S.K.: 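So that we are looking at the same thing, I have put the structure below in structure tokens.
The structure presented is a predicted model; accordingly, all values stated were derived computationally and were not measured. Whatever order the structure lists ligands and atoms in, that order sets their numbers, starting from 1. Positions are given from 1, in the same order as the sequence printed here.
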Amino acid sequence: MDLSRRLFLHAGLMTGASLAIPSAFADDAMPAWHIGYATAPAAGFGPSPLRLVSGKPPAGLAGTLYRNGPAHFQHGDAYATHWFDGDGMVQRIAIGDGKAAHTGRYVDTLKRRLEMKAGKFLAPGFGTIGDPSFPVSSSNDVNPGNISVMMSGGELLALWEAGTPYRLDPVTLETRGFKEWRNDLKGMPFLAHPKRDPDGRIWNLALNGRRAGIYNINPDGSIASFGMVDIGAAAYIHDWAMTDRKLIILVQPWIQTRNIPPFIDGFQWKPEEGMKFLIVDKDDLSKTRWAQGPARAFYHTGAAWEDGDGTIRLDAAFYPEPVLGSGGGAQEIRGKLSGYDRPSKLTMAVIPPTGDVKLVETDLAGDFPQVDPRRHGLSRKLTAMVTGSVKDQPGGSALALQDWSTGKRQVYDFGAHYMVEEHLFVPKPGGSSEKDSWLIGPAINTRAGRSEVWAFDAVNIADGPVAVWQADYAWPLGFHGTWA
Ligand SMILES: [Fe+2]
């Protein structure tokens, strides 16, 4: 185990070299949507009450939405060179008794401390070359803790993908250091897309090259086991999928062929390889099988399930080729549009017990697919996803709810002055069907220059939200969240 840990700690991710500083861009020329990519205040936000601006909060809706995303993109007149490399800020939206309140705090990282002190970007990252003066002994030295959050054993964890989670106070969001599940796992990476069985058990991957560590975490937060599988290629893997009995690792043909800074520039798109699906038995990691599918790129899956005959179905937002690689989001951070035009398709991948993977594509473009947590890994009907687009504005503008059992979908269009973020299924108390859920997530109202939190009833999202709360300010667009 020690050997594997050392291999992970010395991931080639973080080689230093000189930092490219972009030219300055005048702030007063920024378009209204830039508020989603603007650097948040160093002191964070709140706690501040959110104002109910629409609807009537449903009785029984009580809990906390935690989210994470990059929130610092500028030092002086220099901008971050990739959206994914901004310092993580965790947002906490507490909802209860019809009221909502927001708190936002930066994750307190070595990267952030050193860069704030120097007043410039120093650390290498996903799409950032970095400065040779930045001390890098392991990937955790540059870990911005900026992709997602999870609750485990009463702890709130801020997640990156090439480093260890940070422990945060669930109320104040104060950073308490790195999470250590076990001595020999100290410093081990933890992907930003852990999966939770309906009984509370969490599974996740630790990736380095063609080796994947497999975390199996008990519902009480203690670790049950950590194993290792060979995924065949050093593919870029941001997310994966799981049934009640199997782990499915989608090895997309975006493969690391060189160890150069920035990290993502060492990856090459090799569509001739297709997408390879590794299926691993949860009870015995040595029991694996492979299935071959056509080439697709992806960041996010919804979830998977297994039919009685062993056929596995999983849905994902598949792109024809990689997006947000080198320079991803760098234009938006400067208030300009990158002009990316490679829409995804919500797709159901069907993996038969033997033979090749078949893709059933919809015409629904978008990303951030989400499912009912009560049905994760089990057969289900619904997938929610951010969709829609507005000319001359980045991001999604609508929320879709796909029903796989009928092939029909509902869509709610927020309007041209909105950037819509991931919406989570929140089970209604006492309910059991997927439609016994609310869909809850933030959106930035670019006309008002404010962030809002929207709640829909999954029975009918096309009718519009059941409640909308608005902040007096906007916090930056985030990536992923969890409901506690
Ligand atoms: Fe993600």
Side-chain angles (χ1 to χ4, degrees), residues 13 36-37 65-71 82-91 107 125-127 139 143-151 157-166 189-196 202-207 212 215 235-242 247-252 254 263-264 267 296-304 314-319 322-325 328-329 332 340 342 344 346-347 365-371 373 376 383-387 394-396 399 419-425 441-442 476-483:
L13 176 57
Y37 299 85
L65 173 64
Y66 292 102
R67 286 181 48 79
N68 197 351
H82 201 291
W83 184 29
F84 296 173
D85 291 329
D87 292 330
M89 174 177 268
V90 172
Q91 317 294 343
V107 184
F126 178 86
S139 59
N143 180 346
N146 67 358
I147 301 180
S148 190
V149 279
M150 77 173 210
M151 288 293 291
L157 303 176
L159 312 181
W160 191 41
E161 60 187 5
T164 311
Y166 291 95
F190 189 88
L191 217 60
H193 285 281
K195 312 285 173 201
R196 194 185 299 262
I202 291 170
W203 298 81
N204 201 14
L205 309 184
L207 281 160
Y215 289 91
Y236 177 65
I237 294 177
H238 175 81
D239 195 359
W240 56 289
M242 176 177 94
L247 313 172
I248 303 115
I249 302 175
L250 294 73
V251 182
Q252 64 182 328
W254 196 11
F263 174 70
I264 200 59
F267 284 73
R296 293 291 186 278
F298 81 108
Y299 281 102
H300 298 121
T301 66
L314 72 88
D315 54 6
F318 281 156
Y319 296 79
V323 297
L324 288 168
E332 284 75 9
Y340 271 127
R342 278 170 252 161
S344 69
L346 179 64
T347 300
D367 211 318
F368 299 105
Q370 285 291 317
V371 308
H376 198 124
T383 302
M385 189 161 108
V386 176
T387 185
L399 181 67
M419 291 190 289
V420 180
E421 304 186 60
E422 174 186 271
H423 277 53
L424 300 179
F425 278 81
L477 291 169
F479 294 139
H480 304 293
T482 191
W483 177 262

S.K.: Would you give the length of the straight line joining atom NE2 of His423 to atom CG of Leu399, rounded to the nearest 0.5 angstrom?
M.R.: 5.5 Å
S.K.: Less than 6.0 Å separating the ring centroids of His480 and Phe368?
M.R.: yes
S.K.: Just so I know, are the side chains of Leu157 and Phe190 near enough to count as touching, which here means a heavy-atom distance under 4.5 Å?
M.R.: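 Of all side-chain heavy-atom pairs linking Phe190 with Leu157, none is under 4.5 Å.
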S.K.: With a cut-off of 2.8 Å, which protein N/O/S atoms are close to the Fe ion (ligand 1), if we only count those under it?
M.R.: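 Counting only protein N, O or S atoms under 2.8 Å from the Fe ion (ligand 1), the list reads His193 NE2, His238 NE2, His300 NE2, His480 NE2.
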S.K.: Please test Tyr236 against Glu161 for side chain to side chain donor-acceptor pair (under 3.5 Å), starting from the C-alpha separation and ending with a verdict.
M.R.: CA-CA 11 Å; Tyr236 177 65; Glu161 60 187 5; 2.6 Å; yes
S.K.: Give a yes or no on whether the ring-centroid distance for Phe126 and Trp160 is below 6.0 angstrom.
M.R.: no
S.K.: Would you call the rings of Phe84 and His82 parallel, tilted or perpendicular, taking 30° and 60° as the class edges?
M.R.: tilted
